[in-house]
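Okay, so here's the structure we're looking at.
As the structure is a prediction and not an experimental result, all values here were calculated from the model. What's counted below: heavy atoms across the whole structure, side chains too, no hydrogens, waters or symmetry copies.
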Amino acid sequence: MAQRLALRRLLPLTPRTLPPQGLLALRAPPAPHGRAFGTSAGCSSTFNVQDGSDFQDRVVNNPKPVVVDFHAQWCGPCKILGPRLEKMVAKQEGKVLMAKVDIDDHTDLAIEYEVSAVPTVLAMKNGDVVDKFVGIKDEDQLEAFLKKLIGA
């Protein structure tokens with residue numbers, strides 16, 4: 001009984017003061033539509049490389065051209081280039097894919113592809129490196145790089 005009285009003093013909500021839907025109306029609003037995250041591989045043209053065999057399957061053996069972004073978490077220029085490059089790849093509407101390779105997690109791939117600085121971006125077609133750049137590029141330069149890769 002004492003607990004009930006204390007609760008009434010702390011929470012003076014009576015059925016008359018509750019919203020028409022009751023306590024359910026007090027919960028957080030649902031997330032807006034279109035903000036859900038998908039997990040299927042076909043949803044995005046950008047993916048993170050998991051290991052060497054994943055790189056072989058999704059990059060080297062891919063029939064589509066693939067841009068490979070060798071980056072690192074601690075790299076400031078990588079944090080600028082990465083989103084910019086993802087945006088430009090997305091504009092290509094599936095004509096080109098983007099693989100992201102963290103050099104700290106996949107040192108073997110960085111050594112194999114002679115990455116000596118980050119960010120390093122490779123353009124691969126039919127398993128071969130056909131173009132490459134190191135450092136930051138602006139959107140016009142990235143667009144030219146991608147168009148050259150897809151032959152547009």
Side-chain angles (χ1 to χ4, degrees), residues 7 10-11 13 17-152:
L7 282 175
L10 294 173
L11 301 171
L13 292 177
T17 60
L18 286 175
Q21 300 88 350
L23 288 175
L24 292 177
L26 298 176
R27 68 186 161 125
H33 294 289
R35 306 273 327 242
F37 294 100
T39 56
S40 65
C43 286
S44 177
S45 54
T46 301
F47 58 91
N48 291 312
V49 172
Q50 303 302 314
D51 54 34
S53 64
D54 185 43
F55 185 87
Q56 187 71 29
D57 293 343
R58 297 171 79 183
V59 177
V60 176
N61 296 336
N62 203 316
K64 288 185 179 182
V66 181
V67 173
V68 184
D69 176 20
F70 284 93
H71 68 282
Q73 295 292 325
W74 46 264
C75 168
C78 299
K79 292 177 184 179
I80 296 168
L81 179 68
R84 190 180 289 173
L85 188 56
E86 285 182 46
K87 178 181 165 188
M88 297 305 293
V89 167
K91 280 186 180 179
Q92 303 305 315
E93 299 176 340
K95 295 177 188 168
V96 64
L97 301 175
M98 179 175 164
K100 298 178 64 99
V101 180
D102 188 320
I103 63 162
D104 292 326
D105 294 337
H106 307 292
T107 309
D108 53 335
L109 288 172
I111 292 169
E112 182 179 345
Y113 286 92
E114 300 174 355
V115 175
S116 57
V118 286
T120 294
V121 177
L122 307 180
M124 296 187 70
K125 208 174 211 179
N126 300 319
D128 297 322
V129 177
V130 295
D131 205 354
K132 171 182 180 175
F133 71 83
V134 178
I136 296 181
K137 301 285 185 192
D138 65 29
E139 288 190 5
D140 291 339
Q141 293 169 314
L142 293 175
E143 189 173 359
F145 180 79
L146 292 173
K147 284 188 175 185
K148 182 178 172 187
L149 176 60
I150 60 178

>> Using 0.5 Å steps for rounding, measure from the NZ atom of K147 to the CG atom of L142.
In response: 12.5 Å
> What pair of heavy atoms forms the shortest contact from D140 to D138, and how long is it?
Replying inline: N-OD1, 3.1 Å
>> side chain to side chain contact (heavy atoms under 4.5 Å, CB included), that's the test. Do V68 and V121 meet it? Break it down for me.
In response: CA-CA 5 Å; V68 184; V121 177; over 6 Å; no
> Does D102 use its side chain to pair, donor to acceptor, with the backbone of D104 at less than 3.5 Å?
Replying inline: yes
> For I150 and K95, which heavy atoms make the closest approach, and how far apart are they?
Replying inline: CG2-O, 3.7 Å
>> Considering only residues two or more places apart or on different chains, which pairs with a residue in residues 63-113 satisfy ring-ring contact (aromatic ring centres under 6.0 Å, His included)?
In response: F55-Y113
>> So does Q56 get a backbone contact from the side chain of N61, meaning a donor-acceptor N/O pair under 3.5 Å?
In response: yes
> Shortest non-hydrogen contact from L81 to G135?
Replying inline: CD2-O, 3.6 Å
> Does the side chain of L109 come within less than 4.5 Å of V49's, by heavy atoms?
Replying inline: yes
>> As an exercise, state the distance from CD of E114 to NZ of K132, rounded to the nearest 0.5 Å.
In response: 6.0 Å
> Is it true that K91 and E143 make a salt bridge, defined as a side-chain N closer than 4.0 Å to a carboxylate O?
Replying inline: no
>> Nearest 0.5 angstrom please: I103 CD1 to D69 CG, how far?
In response: 10.5 Å
>> Run the side chain to side chain contact (heavy atoms under 4.5 Å, CB included) test on K100 and E86 for me, step by step, so that the C-alpha distance in whole Å, both residues' side-chain angles and the decisive distance to 0.1 Å come before the verdict.
In response: CA-CA 10 Å; K100 298 178 64 99; E86 285 182 46; 3.1 Å; yes
>> Would you say that M124 contacts V130 through its side chain, given a criterion of any heavy-atom pair below 4.5 Å between the two side chains?
In response: no
> Do you know which two heavy atoms are closest between L146 and V89, and how far apart they sit?
Replying inline: CD1-N, 3.9 Å
>> Nearest 0.5 Å, please: how far is CG in L85 from OG1 in T46?
In response: 7.5 Å
>> Please give me the minimum heavy-atom distance between P77 and P119, naming the atom from each residue.
In response: CB-CD, 3.8 Å
> How many angstroms lie between atom CG of L149 and atom NZ of K64, to the nearest 0.5 angstrom?
Replying inline: 12.5 Å
> At their closest point, which heavy atom of R58 faces which heavy atom of N48, and how far apart are they?
Replying inline: NH1-O, 4.0 Å
>> Can you tell me how far apart NZ (K87) and CE (M98) are? Round to the nearest 0.5 Å.
In response: 13.5 Å
> Can you list the steps and then say if L97 with V67 is a side chain to side chain contact (heavy atoms under 4.5 Å, CB included)?
Replying inline: CA-CA 6 Å; L97 301 175; V67 173; over 6 Å; no
>> Using modelled atom types and a 3.5 Å cut-off, is there a donor and acceptor pairing between side-chain atoms of K79 and backbone atoms of Q73?
In response: yes
>> So T107 and I111, do their side chains get closer than 4.5 Å, heavy atoms only?
In response: yes
